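Letters A, B, ... mirror the listed sequences (proteins, then strands); counts begin at 1. What you see is a predicted model, and the numbers here were worked out from it, not measured in a lab.
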Amino acid sequence: TGKQQSILGFFSKA
Amino acid sequence: MLEARLDQAEILKKVVDAIKDLVQDCNFDCNDSGIALQAMDNSHVALVSMNLQADSFAPYRCDRNIALGVNLTSLTKVLRAAQNTDILTLRALDAPDSLNLVFESQDKDRISEYDLKLMDIDQEHLGIPETEYAATIKMPSVEFRRICTDLMALSESVTIEASKDGIKFTCSGDIGNGSVTLRQHTNVENEKENIEIELSEPVALTFSLKYLVNFCKAAGLSNTVTICLSNEVPLLVSYALTSKAGSNLRFYLAPKIGD
């Protein structure tokens, strides 16, 4: 059912 | 110093209860605009973001930026001593090593006071980009919880498809497969039952049900939940915390992509 992505791949460190 | 008085302890009790299985330690960031929290789960798949605007409190006072580093298991133990309808006051000094919590019964015949030890938490803050979502669904929060728990009995993942035909939740597992389709629905007599769907383009994304079911612990906070989707970005699940705009509990979940 697909590979679980990390939230860090979408939101940048502020 | 911080002094923030909430008319109903229930809000903070339910927020902590909803997030404590995802996040163990986190900072409550206090400034003059209110109290905010942002934290990822250990595996960096989900992000929790809570905002309680200053106008959710009466009175609210915070002179300097204060980070309250809290262990949520410990906070749960203290909040268990508050009744849902108690008035809750949070107090902290500018560089605090403890958080003072006072619970007062509505008729003021009982006052409980606790001090919770704080910790230094070095937490990364993530910038969440403003997103125009392709699909926005507003629906009863218990209905969303039921869909997620029902599908989790069959599979660990759900594919959510938004199209002009409605919102379709599909899963497949060892014992078989299942789907639930939602269509726009307006209940004139009971607005809380409405299903509102806004769609600018079709979306199809796959998510882990374990996380979605976890987010649904927040269903007790609000009758309705808003779910926002765009292709190849994290799903947003949002619960309003008060009737005031801007006070909410949000969960972001990274999708599963490819095979």
Verify the neighbour count for atom [atom1] of [X]: are there more than 12 heavy atoms of other residues, nucleotides or ligands below 6.0 Å?
{"X": "K138(B)", "atom1": "NZ", "result": "no"}
{"X": "D97(B)", "atom1": "CG", "result": "no"}
{"X": "K168(B)", "atom1": "NZ", "result": "no"}

Roughly how far, to the nearest 0.5 Å, is [atom2] of [Y] from [atom1] of [X]?
{"X": "K3(A)", "Y": "I257(B)", "atom1": "NZ", "atom2": "CD1", "value": "10.0 Å"}
{"X": "K210(B)", "Y": "Q4(A)", "atom1": "NZ", "atom2": "CD", "value": "8.5 Å"}
{"X": "L253(B)", "Y": "F10(A)", "atom1": "CG", "atom2": "CZ", "value": "9.5 Å"}
{"X": "K256(B)", "Y": "Q5(A)", "atom1": "NZ", "atom2": "CD", "value": "10.5 Å"}

For [X] and [Y], work out which heavy atoms get closest and say how close.
{"X": "V45(B)", "Y": "I7(A)", "result": "O-CD1, 3.6 Å"}
{"X": "F11(A)", "Y": "P129(B)", "result": "CD2-CD, 3.4 Å"}
{"X": "A254(B)", "Y": "S6(A)", "result": "CB-C, 3.8 Å"}

- Query: Pick from A46(B), S208(B), P255(B): which one has the most heavy-atom pairs with chain A under 4.5 Å?
  - Reply: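 Going by pairs under 4.5 Å, I would pick P255(B).
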